[in-house]
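Since this is a predicted model, take the numbers as computed values, not measurements.
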Amino acid sequence: MTHPPRRLVIVVRADPVICGHSGEARNLAEVALTRGFADVRLLTWPIPTLQAAGLPLKPLDRLLPYSAGITVERPEAVGDYRVPDGRHQAGLTGRLVELLAEPVPTTCLSMYLAPHTSVVVEAVAAARAAGFAPDIHTVAKAVGSDVTNVIRSCLREGRFGAATVLFTTFLANDEVVAVSEYTREEIVASAEQVDALCGTTFAEQCRRRVTVSYPPIDSAAFLDLDPAQVDAALARRGLERDGYILFLSRVTRAKGIDDLLTAFRQMRCRSRVKLVVAGTGPMLEQVQAMAGDDDRVVFLTDVDDHEKPLLMRGCAVYVLPTKPEPDFVETFGIALAEKMLAGGGPIITTMTGGTIEAVGDTAVIVEAGDIAGLVAAVDRVVLDMSAAERQDLEFRARARAMSFDRAVVFDTLFPQEAPAVGVL
């Protein structure tokens, strides 16, 4: 039996989940094929399981294909109804053990500590205990929800035992990475709280070991967009260039969609531009009810990866008024960086979490939750901002966002060994 020379395994919530980290996995997988990895596997969840979880999903019939050499595996559950939780996790863990049993040098990246990093740590331990001696290098990437939705909830509820398990699992990897500097600081701060309760030393380890790796973006998908394609995409939606404010994100309170709808009612520019809400999420029905019969608000729930940059390019302004919530804080803002690459109207956002790491000084900033400030900012951009100022913001934003190109991020996250002297 022949085996590929190098393998990359990414354990993640992959497509069709509408999640920035599914895009991260795709982009890292595509670059891996150009960096000597002949076999790339995405280990993820069966689609019915994702649907049953209530996660926002992309249209299944319009998912972008992966390149040859990338295999998406969705292991079935292990066990039956008598194992109410953990069946699918057991399927992921078991499949990874099977891959590690093969004599293939493997790099394994996990995104989300719960449960994906647990899958990797358990699989590696099982493979070694079984005598397979896997040639494995593990990287665990902590994303926003790891801190805001899991660790913080454990600490709020006094469940420091669960938080201890998460930190132990995270630090058991060869490399530990955060999606932004903000996330890194939150990890350390949470570790300090656990240390204070338990006498552990997680904070010191996190300060010393956790590095930052920003989300990788396929910049080519957002650059040099064909103007005719932009116009055609807008025409299909009944839109015109510079004729709409764009909110393209998960429709949830933490993204500030309720604030934007409230503000839009008060904007002077609403007679000139529509508000396009592109996306799905747990607050969609509530937001649609808020909009009522306002014909200046347009909802698009079926935007795919091809249409997304075209809508971004054609808008008068892109608004993401994200705000901190107990269950979520914007730890970077992948959509912001994508919009920076696509060009078009300026970005208006807040300084919540890690958004400033994405936009720098290339966006208009408002205070999170400030409705009046949001009204004033959008009116100024749409009605009063000069063409020269708009162009300056667009050019500087694109230049900054190129540092998040997927090849740049990949080469930093997975540095290649330099060839030996005399070896070509």
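- Other residues, nucleotides and ligands contribute over 12 non-hydrogen atoms within 6.0 Å of the CE atom of Met290.
- How far CG of Asp218 is from CG of Leu28: 11.5 Å, rounded to the nearest 0.5 Å.
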Practice item. Could you please spell out the steps behind the side-chain contact (heavy atoms from CB on, under 4.5 Å) verdict for Val276 and Leu311? Key: CA-CA 10 Å; Val276 173; Leu311 289 174; 5.6 Å; no
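- Residue Phe299 comes nearest to Ala291 through the heavy atom pair CE1-CB, 3.8 Å, listed as atom of the first residue, atom of the second, then distance.
- Judged by distance alone, the side chain of Arg35 and the main-chain N or O of Asp411 form no donor-acceptor pair under 3.5 Å.
- Sorted by first then second residue, the salt bridge (Lys or Arg N to Asp or Glu O under 4.0 Å) pairs that include residues 333-357, not counting sequence neighbours, are Lys308-Glu338.
- Separation of atoms CZ (Arg13) and CG (Leu43) is listed at 15.5 Å; rounding is to 0.5 Å.
- Residue pairs meeting the salt bridge (Lys or Arg N to Asp or Glu O under 4.0 Å) criterion with at least one partner in residues 276-295, sequence neighbours excluded, are Arg270-Asp294.
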Check your understanding: Taking it one step at a time, do Met340 and Phe222 satisfy side-chain contact (heavy atoms from CB on, under 4.5 Å)?
Key -> CA-CA 9 Å; Met340 292 160 71; Phe222 296 87; over 6 Å; no
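- Within the structure, ring-ring contact (aromatic ring centres under 6.0 Å, His included) pairs that include any residue of residues 238-273 do not occur (at least two apart or interchain).
- The side chain to side chain contact (heavy atoms under 4.5 Å, CB included) test with Met402 is passed by exactly one of Ile217, Val408, Leu223: Leu223.
- Ion pairing between a basic and an acidic side chain is recognised when a charged N comes within 4.0 Å of a carboxylate O; Glu307 and Arg236 show no such pairing.
- Ser110 places no side-chain N or O within donor-acceptor distance of the main-chain N or O of Val11, the cut-off being under 3.5 Å.
- Sparse packing is recorded around CD of Glu240, with 12 or fewer heavy atoms of other residues, nucleotides or ligands lying under 6.0 Å away.
- Between Phe410 and Thr34, the closest side-chain pair of non-hydrogen atoms is not below 4.5 Å.
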Check your understanding: Between Ile365 and Thr349, does a side-chain contact (heavy atoms from CB on, under 4.5 Å) hold up when you go through it step by step?
Key -> CA-CA 5 Å; Ile365 303 298; Thr349 190; 3.9 Å; yes
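- Here the closest heavy-atom approach between residue Leu374 and residue Pro321 is recorded as CD2-CB, 4.1 Å.
- Within 6.0 Å of CD in Glu367 there are 12 or fewer heavy atoms belonging to other residues, nucleotides or ligands.
- Side-chain atoms of Met267 and Leu275, non-hydrogen and from C-beta on, never get closer than 4.5 Å to each other.
- Considering only heavy atoms from C-beta on, Gln266 comes within 4.5 Å of Ile371 through its side chain.
- Atom CZ of Arg159 sits in a sparse spot, with 12 or fewer heavy atoms from other residues, nucleotides or ligands closer than 6.0 Å.
- The CG atom of Leu113 sits 7.0 Å away from the CD1 atom of Ile187 when rounded to the nearest 0.5 Å.
- For the pair Lys323/Asp258, a side-chain contact is recorded, criterion being any heavy-atom separation below 4.5 Å from C-beta on.
- Remark: the backbone N or O of Thr183 is paired with a side-chain donor or acceptor of Ser180 at under 3.5 angstrom.
- A distance of 10.5 Å separates CZ of Arg313 from CG of Leu234, quoted to the nearest 0.5 Å.
- Rounding to the nearest 0.5 Å gives a distance of 9.5 Å between OG of Ser22 and CE of Met111.
- Considering all non-hydrogen atoms of both residues, Leu96 and Val120 come closest at CD2-CA, 3.8 Å.
- For the pair Ser118 (side chain) and Ala114 (backbone), a donor-acceptor distance under 3.5 Å is absent.
- In this pair, His116 and Tyr112 present their aromatic rings perpendicular. The plane angle is above 60°, beyond the 30 to 60° band.
- A distance of 7.5 Å separates CG in Asp39 from CG in Leu99, rounded to the nearest 0.5 Å.
- Inter-residue side-chain proximity for Val188 and Val210 is flagged as unmet; no heavy-atom pair is nearer than 4.5 Å.
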Practice item. Test side-chain hydrogen bond (donor to acceptor under 3.5 Å, both in side chains) on Ser67 and Glu30 and set out the steps. Key: CA-CA 7 Å; Ser67 295; Glu30 294 287 348; 2.6 Å; yes
Point to revise | side-chain contact (heavy atoms from CB on, under 4.5 Å) between Arg250 and Met283, intermediate numbers included | key: CA-CA 9 Å; Arg250 282 188 297 114; Met283 203 176 178; over 6 Å; no
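- A pairwise comparison of heavy atoms in Leu33 and Ala68 identifies CD1-O, 3.4 Å as the closest pair.
- For Asp174 (side chain) and Thr138 (main-chain N/O), a donor-acceptor pair under 3.5 Å exists by modelled atom type.
- By the 4.0 Å N-to-carboxylate-O rule, Arg95 lies close enough to Glu98 to be salt-bridged with it.
- Two residues are said to be in side-chain contact when any heavy atoms from C-beta on lie closer than 4.5 Å; Asn173 and Val121 meet this criterion.
- The side chain to side chain contact (heavy atoms under 4.5 Å, CB included) test with Val17 is passed by exactly one of Leu50, Val12, Ile47, Thr44: Leu50.
- In this structure, the side chain of Tyr318 engages the main chain of Leu248 through a donor-acceptor pair within 3.5 Å.
- Sorted by first then second residue, the ring-ring contact (aromatic ring centres under 6.0 Å, His included) pairs that include residues 331-377, not counting sequence neighbours, are Tyr214-Phe332, Phe332-Phe404.
- Between the side chain of Asp195 and the backbone N or O of Ala203 there is at least one donor-acceptor pair closer than 3.5 Å.
- Although no hydrogens or angles enter the test, the distance criterion places no donor-acceptor pair under 3.5 Å between the side chain of Lys141 and the main chain of His21.
- Side chain of Arg209 to backbone of Val176: no donor-acceptor contact under 3.5 angstrom is found.
- The side-chain heavy atoms of Lys255 and Leu320, taken from C-beta on, include a pair separated by under 4.5 Å.
- Screening residues 373-393 for side chain to side chain donor-acceptor pair (under 3.5 Å), with sequence neighbours left out, gives Asp392-Arg396.
- Summarising the local packing, CZ of Phe160 is surrounded by 12 or fewer heavy atoms from other residues, nucleotides or ligands at distances under 6.0 Å.
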Which atom pairs, one a donor and one an acceptor, fall under 3.5 Å between side chains of residues 52-64 and the rest of the protein, sequence neighbours left out?
| residue | atom | partner | partner atom | Å |
| --- | --- | --- | --- | --- |
| Lys58 | NZ | Asp15 | OD1 | 2.8 |
| Lys58 | NZ | Asp305 | OD2 | 3.1 |
| Arg62 | NH1 | Asp302 | O | 3.1 |
| Arg62 | NH1 | Asp304 | OD2 | 3.3 |
| Arg62 | NH2 | Asp302 | O | 3.1 |

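- In terms of heavy-atom proximity, Ala342 sits nearest to Met312 at CB-CB, 3.9 Å.
- Proximity of a side-chain donor or acceptor of Thr322 to a complementary backbone N or O of Ala254 within less than 3.5 Å is detected.
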Practice item. Evaluate side-chain hydrogen bond (donor to acceptor under 3.5 Å, both in side chains) for Thr355 paired with Thr352, printing each intermediate quantity in order. Key: CA-CA 6 Å; Thr355 56; Thr352 299; 5.7 Å; no
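- Within the 4.5 Å cutoff, the side chain of Pro134 has no heavy atoms near those of the Thr106 side chain.
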